[in-house]
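Heads up: the structure comes next, in structure tokens.
Counting starts at 1 for both ligands and their atoms, following the listed order.
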Amino acid sequence: MTLKELALKRESCRSYKESVVSHKELKEIMETACLSPSACNSQPWRLIAAEGEKAKEVSAMIQKSGRNQFVEEASAFIAICETPAVLRAGVCFDQQHFAQMDVGMVTMLLTLAAADKGLSTCILGCFDEEGVKSALKIPAEIPLRLIVAVGHAKEPGVREKIRKPAAETICFNEWT
Ligand SMILES: Cc1cc2nc3c(=O)[nH]c(=O)nc-3n(C[C@H](O)[C@H](O)[C@H](O)COP(=O)(O)O)c2cc1C
């Protein structure tokens, strides 16, 4: 599979069948995700997989937000926490909050690694943060940025991607 084929295969799955994603698969996709780049190689993330009974607890806390009820069917969840980034001192590093970008990239690679294994995922930004943090014993001062639901899709096949026309999102040589 080419990278483009993998990017087309990865999609947000909101309907899962009753089928367990193994501990080994979860570990492998998390390890691949951690190959992601980060500012000053700071790797400001901690990924926590919730499986079995713990996944049910996390699912309940996600649904408590009043959204994302479909997660009931997911086999596992991977919580992506942002940890303090140690960056080399430098003017340009003060301008932006790189850690949050790094967290986005590790999440992206996680979903691609899952798709590469035939697993389906959905990135979740909406959940009861306090509830999930309590279930996973995440320290209060550590931000829980995203959760990725993982499972096996109920429906085979992939949807057509809906994206802005390329002219709106990419250009060459100058902003047009
Ligand atoms: C930061 C972020 C937060 C998201 N939060 C949710 C969410 O809470 N619930 C949900 O169903 N999808 C969520 N999504 C999935 C997006 O809706 C989805 O990626 C987008 O519509 C493109 O569709 P695709 O992933 O199938 O290509 C989130 C995606 C990102 C990147």
Side-chain angles (χ1 to χ4, degrees), residues 1-18 21 26 29-30 32-39 43-50 54-83 85 96-136 138 142-170:
M1 207 174 355
T2 65
L3 180 57
K4 182 161 185 191
E5 285 166 345
L6 185 60
L8 287 166
K9 186 175 173 195
R10 186 228 51 89
E11 65 181 10
S12 297
C13 175
R14 298 184 181 90
S15 179
Y16 299 91
K17 47 182 182 193
E18 243 183 70
V21 175
L26 291 171
I29 63 172
M30 288 197 288
T32 300
C34 290
L35 299 175
S36 187
S38 57
Q43 303 161 67
W45 53 66
R46 191 161 175 99
L47 278 48
I48 310 173
K54 192 55 86 170
K56 292 200 187 329
E57 255 182 76
V58 169
S59 169
M61 290 303 128
I62 293 168
Q63 293 177 68
K64 202 175 154 203
S65 69
R67 303 192 62 175
N68 293 326
Q69 306 300 308
F70 66 87
V71 299
E72 178 75 37
E73 302 167 332
S75 167
F77 297 94
I78 299 174
I80 324 268
C81 298
E82 181 187 319
T83 57
Q96 302 223 45
H97 184 59
F98 288 123
Q100 219 163 322
M101 302 176 202
D102 297 338
V103 162
M105 287 192 281
V106 81
T107 305
M108 175 80 239
L109 196 52
L110 179 70
T111 61
L112 288 175
D116 190 42
K117 286 190 169 296
L119 300 171
S120 294
T121 57
C122 188
I123 300 171
L124 307 167
C126 199
F127 43 81
D128 183 298
E129 185 177 0
E130 224 174 274
V132 178
K133 283 176 75 165
S134 159
L136 299 177
I138 298 169
I142 297 291
L144 168 58
R145 296 292 183 202
L146 293 167
I147 298 175
V148 175
V150 190
H152 297 103
K154 205 174 261 175
E155 303 298 332
V158 287
R159 299 184 300 270
E160 201 183 322
K161 286 262 179 280
I162 300 166
R163 294 296 184 265
K164 292 177 181 176
E168 277 184 40
T169 53
I170 61 178

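Against a heavy-atom cut-off of under 4.0 Å, Leu124 is close to the following atoms of ligand 1: 5 (N), 6 (C), 7 (C), 8 (O), 9 (N). Each of the following atoms of ligand 1 lies closer than 4.0 Å to a heavy atom of Leu146: 1 (C). The Arg159 neighbourhood of ligand 1 comprises atoms 26 (O), with distances under 4.0 Å to a heavy atom of that residue. Distances below 4.0 Å separate heavy atoms of Cys122 from the following atoms of ligand 1: 10 (C), 11 (O), 12 (N). Residue Cys126 has at least one heavy-atom neighbour below 4.0 Å for each of these atoms of ligand 1: 8 (O). Here is the list of ligand 1 atoms found below 4.0 Å of a heavy atom in Phe70: 11 (O). Close approach of ligand 1 to Glu11 is summarised as follows: ligand atoms under 4.0 Å from at least one heavy atom of the residue are 26 (O). Proximity to Arg10 (heavy-atom distance under 4.0 Å) selects the following atoms of ligand 1: 24 (P), 25 (O), 27 (O).
With contacts defined as side-chain heavy-atom distances shorter than 4.5 Å, the pair Asp102/Trp45 qualifies.
Which of Ala149, Ser12, Gly125 comes nearest to atom 19 (O) of ligand 1 through a heavy atom is settled by distance: it is Ser12. Nearest to atom 10 (C) of ligand 1 by heavy-atom distance, out of Val103, Asn68, Val158, is Asn68.
For atom 17 (O) of ligand 1, the closest non-hydrogen atom on the protein side is Arg14 NH2, 3.3 Å. Ranking protein heavy atoms by distance to atom 14 (N) of ligand 1, first place goes to Ile123 O, 3.1 Å.
Interatomic distance, Ser59 OG to Phe77 CZ, rounded to the nearest 0.5 Å: 4.5 Å. Taken to the nearest 0.5 Å, the NE2 atom of His152 stands 14.0 Å off from the CD atom of Glu73.
Nearest heavy atom pair, residue Arg145 against residue Phe127, reads O-CZ, 3.8 Å. Minimum heavy-atom separation, Asp128 to Ser65: N-CB, 3.9 Å. Shown here for Ala135 and Glu57, the closest heavy-atom pair between the two residues is CB-OE1, 3.5 Å.
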| request: Might you work through the side chain to side chain donor-acceptor pair (under 3.5 Å) test for Glu130 and Ser134, ending with a clear yes or no? | output: CA-CA 6 Å; Glu130 224 174 274; Ser134 159; over 6 Å; no
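Within 6.0 Å of the NZ atom in Lys64, the count of heavy atoms belonging to other residues, nucleotides or ligands does not exceed 12. The neighbour count for Glu18 CD, taken as heavy atoms of other residues, nucleotides or ligands under 6.0 Å away, does not exceed 12. The 12-atom threshold is exceeded at NZ of Lys161, counting heavy atoms of other residues, nucleotides or ligands nearer than 6.0 Å.
For atom 1 (C) of ligand 1, the nearest protein heavy atom lies under 4.0 Å away.
Contact analysis puts Arg163 in contact with ligand 1, with a non-hydrogen atom separation below 4.0 angstrom. Distances from ligand 1 to the non-hydrogen atoms of Arg67 include no value under 4.0 Å. Residue contacts with ligand 1 do not include Phe127, since none of its heavy atoms lies under 4.0 Å from the ligand.
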